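Some notes on the structure that comes next.
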Number of protein chains: 2
Amino acid sequence: MDSDLIEKRRSQILAASMDAFAEKGYHDTKISDIAERLGIGHGTFYRYFKNKLDIFFAVVDGFLAQIKVVVEEEAPQFSDSVESYRSQIRRIGGRMLRLFMADTRMARIIFFQALGVDPALDARLFSIKTLADSMVEAYLANGIVKGFLRPDLDTAVLSRAINAMTLGAAFDILFAANPSETGNRWIEAVSLLMLSGMAKP
Amino acid sequence: MDSDLIEKRRSQILAASMDAFAEKGYHDTKISDIAERLGIGHGTFYRYFKNKLDIFFAVVDGFLAQIKVVVEEEAPQFSDSVESYRSQIRRIGGRMLRLFMADTRMARIIFFQALGVDPALDARLFSIKTLADSMVEAYLANGIVKGFLRPDLDTAVLSRAINAMTLGAAFDILFAANPSETGNRWIEAVSLLMLSGMAKP
DNA sequence: GGATGTGGAATGACGAGTCATTCTATTTTT
DNA sequence: AAAAATAGAATGACTCGTCATTCCACATCC
């Protein structure tokens, strides 16, 4: 009845599931593992979630929604110069990486488990990727229009390349001794690469 | 006795497994699926492979070995100028992408299935990544020494970033209408990005 | 004391791996 | 060269363990 309590239970189960999935992976996690972590019977689980896929979906989808928010919130702010673009890169990159740093479990699940469990989930991941790609591409197009980026850039490919680096950074951070320092190094190195390239001027 | 025939059977099973794994994924592929594709009894499978993990390992490891060869073969050739470095990027990138283009099934398996099946396999993937990272880093270090790359580059991070883009390219190619054209676009866009950056000069 | 929530035993589906048996091809015997 | 013997390759019914899911007896709360 008390929908507050129901919500509370649901999020307890969600949290325990995150631990379990991050630790042992989707297929090796039993419903009873999740229940055991909470000290509840595993039948109880089914009062709160339809089935195993349901909860995995909930776990992953919650995180994807957060990513989507970051991607979309940054969308409308276009810059006018290389300098403001650079600080934009830093800010968006920073937000994205902080998202991954905030919950190592989620990052682990996304990188190691999410793909290939269920077609619908794959599609979800894919659509976020596509969204991120087109957002980055819009930024590049803006830079070309405003005249501070080269006019001949292959924006479709470069936007994907940039997001690939973001993913690479998030992955790297997972194993870094000092995540936030590592994150900053990535942001600096990538923004330099993006704007100036590596060749000696 | 005839070890030729045994080898032949093994590779038939290997090929059928690749199809199956690429199509349905590791967990959803039954040994009987593989056998069915070949029109053999599933008991026969066990004459040629120890178990399910054994064949998955064989499939993935074969491909990883190919990647390793590409990575290692390119290692010793250091360039002296931006121009020769650029053509080096093109050549190595091209070889790598052709590897992924050559067998879409393998690329699918690597991206969607390989991770999280077995710790030993994860470790294998990881070690290839590390190898690739240090190879790219050696190239960057060479460029700095030779004086055609900026001396202040964060080579550790940038080498990872570059490999992340390579992976991004390979992934993109998987879904491209025209893979080889897409591959070339990636190579051009990334080599431009790497050397000159995107900012208008 | 009824309604609602909970635990964990019971169920059933599923699939990996085994093994006794059959089949086939090659070799040996007559 | 036909018949018999042998090796070893192929088969698939069967076993066995593993979970996801269901069900119901019991507890807890109003």
Side-chain angles (χ1 to χ4, degrees), chain A residues 1-61 109 113-114 116-121, chain B residues 1-61 109 113-114 116-121:
Chain A
M1 228 349 39
D2 192 335
S3 66
D4 265 7
L5 280 186
I6 290 179
E7 256 327 297
K8 200 169 170 186
R9 246 304 147 68
R10 258 186 78 95
S11 59
Q12 284 176 339
I13 295 176
L14 221 49
S17 303
M18 265 158 88
D19 289 337
F21 288 140
E23 230 171 76
K24 318 186 44 174
Y26 178 75
H27 290 286
D28 290 344
T29 295
K30 295 172 272 181
I31 297 298
S32 58
D33 289 337
I34 297 170
E36 212 170 309
R37 277 168 196 267
L38 294 168
I40 65 175
H42 59 280
T44 307
F45 169 90
Y46 288 93
R47 302 196 62 76
Y48 297 90
F49 291 93
K50 204 163 101 265
N51 53 36
K52 193 178 172 184
L53 192 57
D54 185 32
I55 198 175
F56 190 64
F57 225 100
V59 166
V60 174
D61 226 42
I109 291 171
Q113 305 295 333
V117 165
D118 180 73
L121 204 52
Chain B
M1 234 337 52
D2 195 337
S3 66
D4 265 8
L5 280 185
I6 291 179
E7 255 328 296
K8 199 170 171 185
R9 250 300 195 256
R10 259 186 80 96
S11 59
Q12 283 176 339
I13 294 176
L14 222 49
S17 302
M18 267 158 88
D19 289 337
F21 288 139
E23 231 170 76
K24 318 187 44 176
Y26 178 76
H27 290 287
D28 289 345
T29 295
K30 296 171 268 181
I31 296 300
S32 58
D33 290 337
I34 296 170
E36 216 170 305
R37 277 169 197 267
L38 294 168
I40 64 176
H42 76 275
T44 307
F45 170 90
Y46 289 94
R47 299 191 60 76
Y48 296 90
F49 292 92
K50 203 163 103 268
N51 53 36
K52 194 178 171 182
L53 192 58
D54 185 30
I55 198 173
F56 191 64
F57 226 99
V59 166
V60 174
D61 226 42
I109 292 171
Q113 305 295 331
V117 165
D118 180 74
L121 204 52

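Source: prediction; values computed, not measured. Convention: sequence-line order gives letters A, B, ...; per-chain numbering from 1.
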Is there a donor-acceptor pair closer than 3.5 Å between any side-chain N or O of B:K52 and the backbone N or O of B:T29?
yes

Between [atom2] of [N] and [atom1] of [X], the distance in whole Å:
X     : N      : atom1 : atom2 : result
A:Q12 : C:dG5  : CD    : C1'   : 14 Å
B:I6  : D:dA7  : CD1   : P     : 16 Å
A:H27 : D:dC19 : NE2   : C1'   : 13 Å
B:F45 : C:dG15 : CZ    : C1'   : 13 Å

Would you please confirm or rule out a distance under 4.0 Å between OP1 or OP2 of D:dA9 and any side-chain N or O of B:T44?
no

For the CD atom on B:E36, are there more than 12 heavy atoms of other groups (residues, nucleotides or ligands in this structure) within a distance under 6.0 Å?
no

For A:S17, which of A:V59, A:L38, A:I31 qualifies under side chain to side chain contact (heavy atoms under 4.5 Å, CB included)?
A:V59

Nearest 0.5 angstrom please: B:D54 CG to B:D118 CG, how far?
11.0 Å

A:M18 CE to A:I34 CD1 distance, which is reported to the nearest 0.5 Å
12.0 Å

Are the side chains of A:I40 and A:R9 in contact, using a 4.5 Å heavy-atom criterion?
yes

I would like to know whether A:I55 and A:F45 meet side chain to side chain contact (heavy atoms under 4.5 Å, CB included); could you show each step before the answer?
CA-CA 10 Å; A:I55 198 175; A:F45 169 90; 3.7 Å; yes

Tell me which residues in residues 29-43 of chain B put a heavy atom below 4.0 Å from DNA chain C, sorted by number, or none.
B:T29, B:K30, B:I31, B:H42

For side chain to side chain contact (heavy atoms under 4.5 Å, CB included), just list the numbers for A:I109 and A:Y26, CA-CA rounded to whole Å, side-chain angles, deciding distance to a tenth of an Å, and then say yes or no.
CA-CA 9 Å; A:I109 291 171; A:Y26 178 75; over 6 Å; no

Near DNA chain D, under 4.0 Å by heavy atom, which residues of residues 46-59 of chain B?
B:R47, B:Y48

